Amino acid sequence: QVHLVESGGGSVQAGGSLGLSCAASGYTYMRNCMGWFRQAPGKEREGVASIYSGGGSTYYADSVKGRFTISQDNVKNTVYLQMNSLKPEDTAMYYCAAGITYGGSCQLRIAEYNDWGQGTQVTVSS
C-alpha cells in the first residue's frame, strides 16, 4: 500500500496560480503511475493529469492542457501539479492517486489507481 498526502491547496482569484504537492510513502516501488484527480460538489471525480514514473511521460485532460503541469521528483517520492491561469470551473477537491500500468503510459482511468490521498481544496473565485 502507498500512503499519499496532498498539500498546497487554497483560494485564488481567476487567472492566478497554485501549486500542489503529493508526498508518497510506503510501497512506492509497486506503483508506476501517479495522477491528479478532482471532484467538484455534485459532480463525478475526473482525471486531471498523470505521469509515468518509468519514463516521465505525461497525460492531461483537455480541460487543463496548456495550463497545468504535472511533474515528479523520484528521489523525494513527490509529485507536483502546477496550475496556472486558473478558472472558477477548476474549483474542486484535488486528489493525488497512485496506480500501476503495464502499457508504458498512464491514463486517467480511476479504476487503474489503487491508492488515494485525502485531498486538498482548491477554490478559484471570479
Side-chain angles (χ1 to χ4, degrees):
Q1 187 175 0
V2 176
H3 184 59
L4 303 169
V5 179
E6 304 97 335
S7 61
S11 298
V12 66
Q13 288 191 327
S17 298
L18 278 176
L20 305 182
S21 298
C22 173
S25 60
Y27 294 94
T28 57
Y29 65 91
M30 296 182 69
R31 304 287 184 263
N32 58 10
C33 279
M34 294 297 293
W36 285 97
F37 293 77
R38 67 186 182 187
Q39 188 167 17
K43 294 187 177 181
E44 293 186 352
R45 190 170 297 191
E46 63 176 0
V48 175
S50 63
I51 188 164
Y52 174 54
S53 62
S57 61
T58 57
Y59 185 86
Y60 295 93
D62 288 342
S63 59
V64 306
K65 280 181 182 177
R67 301 188 298 121
F68 291 12
T69 302
I70 188 171
S71 61
Q72 63 185 1
D73 184 330
N74 289 331
V75 174
K76 295 182 178 180
N77 283 331
T78 300
V79 175
Y80 306 94
L81 185 68
Q82 179 62 37
M83 306 182 293
N84 298 327
S85 301
L86 283 161
K87 305 175 181 180
E89 51 263 44
D90 294 319
T91 295
M93 185 72 78
Y94 282 70
Y95 298 90
C96 177
I100 189 164
T101 181
Y102 301 99
S105 65
C106 301
Q107 304 298 310
L108 291 171
R109 290 184 282 267
I110 292 176
E112 295 179 353
Y113 290 81
N114 311 87
D115 308 283
W116 294 82
Q118 293 193 332
T120 185
Q121 178 68 37
V122 171
T123 302
V124 184
S125 58
S126 57

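Because the structure is a prediction, the values reported are computed rather than measured.
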Are [X] and [Y] side-chain neighbours, meaning at least one heavy-atom pair lies under 4.5 Å?
X	Y	value
Trp36	Glu6	yes
Tyr113	Ser50	yes
Tyr29	Val2	no
Arg31	Asn114	yes
Cys106	Met34	no

Do side-chain atoms of [X] reach the backbone of [Y] as a donor and acceptor pair under 3.5 angstrom?
X	Y	answer
Asn84	Ser17	no
Ser85	Gly15	no
Glu46	Arg38	no
Thr91	Thr123	no

Quiz item: Do Leu18 and Leu81 sit in the same hydrophobic cluster, where Ile, Leu, Val, Met, Phe, Trp and Tyr count as joined when their side-chain heavy atoms come under 4.5 Å apart?
Solution: yes

Practice problem: Could you state whether Tyr80 and Tyr59 fall into the same hydrophobic cluster, counting links through intermediate Ile, Leu, Val, Met, Phe, Trp or Tyr residues with side-chain heavy atoms under 4.5 angstrom apart? | Solution: no

Exercise. List the steps and the verdict of side-chain contact (heavy atoms from CB on, under 4.5 Å) for Tyr60 and Thr69.
Key: CA-CA 8 Å; Tyr60 295 93; Thr69 302; 3.8 Å; yes

Working to the nearest 0.5 angstrom, can you tell me the gap between [X] [atom1] and [Y] [atom2]?
X	Y	atom1	atom2	value
Phe68	Leu86	CZ	CG	5.0 Å
Ile51	Ser105	CD1	OG	12.5 Å
Glu112	Tyr102	CD	OH	10.5 Å
Tyr94	Phe37	OH	CZ	13.0 Å
Leu108	Arg45	CG	CZ	13.0 Å
Ile100	Cys33	CD1	SG	8.0 Å

Quiz item: Does Lys87 pair with Asp90 as a salt bridge, N-O distance under 4.0 Å?
Solution: no

Quiz item: Which heavy-atom pair separates Thr78 from Ser21 by the least distance, and what is that distance?
Solution: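 For Thr78 and Ser21, the tightest heavy-atom pair comes out as CG2-CB, 4.4 Å.
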
Quiz item: Of the non-hydrogen atoms in Ala14 and Pro88, which two are nearest, and what is the gap between them?
Solution: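 Minimum heavy-atom separation between Ala14 and Pro88: CB-CD, 4.1 Å.
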
Exercise. Test Leu20 against every option in Val79, Val122, Val48, Ile70 by the side-chain contact (heavy atoms from CB on, under 4.5 Å) rule and name the one that passes.
Key: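 Passing option: Val122.
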
Exercise. Step by step, work out the side-chain contact (heavy atoms from CB on, under 4.5 Å) result for Tyr95 and Gln39.
Key: CA-CA 8 Å; Tyr95 298 90; Gln39 188 167 17; 4.2 Å; yes

